[in-house]
2 protein chains.
Amino acid sequence: MESQDLKKAGLKATLPRLKILKFLEASQVRHMSAEDVYKAMLENGDEVGLATIYRVLTQFEAAGLVTRHHFDEGHSMFELNQGSHHDHILCVKCGRVDEFMDPVIEEQQHKIAEAKGYEMTDHALYIYGICPNCRKSGKK
Amino acid sequence: MESQDLKKAGLKATLPRLKILKFLEASQVRHMSAEDVYKAMLENGDEVGLATIYRVLTQFEAAGLVTRHHFDEGHSMFELNQGSHHDHILCVKCGRVDEFMDPVIEEQQHKIAEAKGYEMTDHALYIYGICPNCRKSGKK
DNA sequence: GTTGGAAATGCGAAACTCTATCATTTCACT
DNA sequence: AGTGAAATGATAGAGTTTCGCATTTCCAAC
């Protein structure tokens, strides 16, 4: 009963919110824009207004249910929070996204923030490159 | 004669491009959006169309003269390439931007890319936090 | 120096993502 | 079931960036 998850997050268990949460959980694609979610749900027969998708994803983010990423300028990508924290490495040719977690980097970031007198609240790390497949096929 | 710099970068030495390059070099502010550049140049009496600012900054980026940053969603920030590579730490309260360079992190990134089979082309690292000033004044 | 043509510019319109407005509907609680 | 608060949906609007095209500028050859 996902409605419990929403209540726990401080959100009223409305039909659109439930549909979106279920959709994210069922999706094979881990990273999606609001537009992606909107279109995919439409095809699924679940009609939810685009404005609602944006609102709900923002609320989910505030509630810690999803994370918002800025892989590239222009639009936000959302990822359901499951499993543990990780950063991303992206292919500039095909858009493929892989995940990694590096304790050394995580620790260094805290050290840097401390050295600069900052209280660290968040961080974003993206490595861009050419993925194994694209290197092999040698696409320009 | 900055026109040499442009020629070297493979760009025709036009008046707007020269003006923009000179402006960036003279500016005390290191990070600016296209709109920032446009307005500041207007006040300076250098009128260059906004579309041209966007085009030229994008060309400068391709030529390696400037770097484009995505500090937050919504708009790109540009920085003239002078001095060496560095990453950024940003205050979420006041927008202050500091720079740092950490050899350990740089090296780890290459290792990660290699381990994942990627050919690394670029990376972006932003640490977000509360800067010393904002911590002292305890602003919410 | 002129001049011819390619390249760049400037303007407005348009694309794109995201937010605001507000009438209507839905949820939760008696 | 009834009621009030909150959420939704549709559309308009805001903000950033790009596009299309007429005009201007650069530059190299005469």
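Note that this is a predicted model, so its numbers are computed, not measured. Each chain gets a letter, A, B and so on, in the order the sequences are listed, and its residues count up from 1.
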Inset, instruction - Could you go through the side-chain contact (heavy atoms from CB on, under 4.5 Å) check for B:Met77 and B:Met32 one step at a time? - result: CA-CA 5 Å; B:Met77 300 293 278; B:Met32 286 189 287; 5.5 Å; no
Inset, instruction - Whole angstrom is fine here: how far is it from CG in B:Asp72 over to P in C:dT17? - result: 18 Å
Legend entry - Any residue of residues 29-40 of chain B with a heavy atom less than 4.0 Å from an atom of DNA chain D: none
Inset, instruction - Verify the distance criterion only: is there a donor paired with an acceptor across the side chains of B:Thr52 and B:Arg55 at less than 3.5 Å? - result: yes
Inset, instruction - Might you work through the salt bridge (Lys or Arg N to Asp or Glu O under 4.0 Å) test for A:Asp98 and A:Arg96, ending with a clear yes or no? - result: CA-CA 7 Å; A:Asp98 284 297; A:Arg96 169 174 161 185; 2.8 Å; yes
Legend entry - Length of the line joining B:His70:NE2 and D:dT16:P, which is rounded to integer Å: 16 Å
Legend entry - Interatomic distance, B:Leu50 CG vs D:dG20 P [rounded to whole Å]: 18 Å
Legend entry - Side chain to side chain, B:Leu21 and B:Glu25, heavy atoms closer than 4.5 Å: yes
Legend entry - Euclidean distance, atom CG of residue A:Leu57 to atom P of C:dC18 [Å, nearest integer]: 10 Å
Inset, instruction - Would you sketch DNA chain C in dot-bracket for me? Only Watson-Crick or G-U wobble pairs with both distances under 3.5 Å count, crossing pairs as [ ], other-strand pairs as |, the rest as dots. - result: ||||||||||||||||||||||||||||||
Inset, instruction - For salt bridge (Lys or Arg N to Asp or Glu O under 4.0 Å), just list the numbers for A:Lys39 and A:Glu43, CA-CA rounded to whole Å, side-chain angles, deciding distance to a tenth of an Å, and then say yes or no. - result: CA-CA 6 Å; A:Lys39 284 184 185 160; A:Glu43 289 175 12; over 6 Å; no
Inset, instruction - Specify the separation, in whole Å, of atom NE2 of B:His75 and atom C1' of C:dC18. - result: 15 Å
Legend entry - Modelled atom types, side-chain donor and acceptor of B:Thr58 and B:Arg68, under 3.5 Å: yes
Inset, instruction - Could you tell me whether A:Arg30 and A:Glu99 make a salt bridge, using a distance below 4.0 angstrom between a side-chain N and a carboxylate O? - result: yes
Legend entry - Pair A:His123, A:His110: side-chain N/O donor-acceptor within cut-off below 3.5 Å: no
Inset, instruction - Determine: side-chain N/O of B:Tyr54 to OP1/OP2 of D:dT18, distance under 4.0 Å, yes or no. - result: no
Legend entry - Heavy-atom check, side chain of A:Asn44 versus side chain of A:Lys19, under 4.5 Å: no
Legend entry - Protein-nucleotide distance (B:Lys19, atom NZ; C:dA8, atom P), rounded to Å: 17 Å
Legend entry - Distance test, side-chain N/O of B:Thr52 to OP1/OP2 of C:dA8, below 4.0 Å: no
Inset, instruction - Starting at atom CZ of A:Arg68, determine the distance to atom P of C:dT17, rounded to an integer number of angstrom. - result: 14 Å
Inset, instruction - Tell me yes or no: between the side chains of A:Glu79 and A:His86, is some donor less than 3.5 Å from an acceptor? - result: yes
Inset, instruction - Give the B/S/- string for nucleotides 21-30 of chain D, one per nucleotide from 5' to 3', where a protein heavy atom under 4.0 Å of the base yields B, of only the sugar-phosphate yields S, and otherwise -. - result: -----BS---
Inset, instruction - Please report, rounded to the nearest Å, how far the P atom of C:dT25 is from the CD atom of A:Glu47. - result: 16 Å
Legend entry - Audit row: A:His70, A:His75, ring-ring contact (aromatic ring centres under 6.0 Å, His included) steps and yes/no: CA-CA 7 Å; A:His70 307 290; A:His75 60 286; 9.8 Å; no
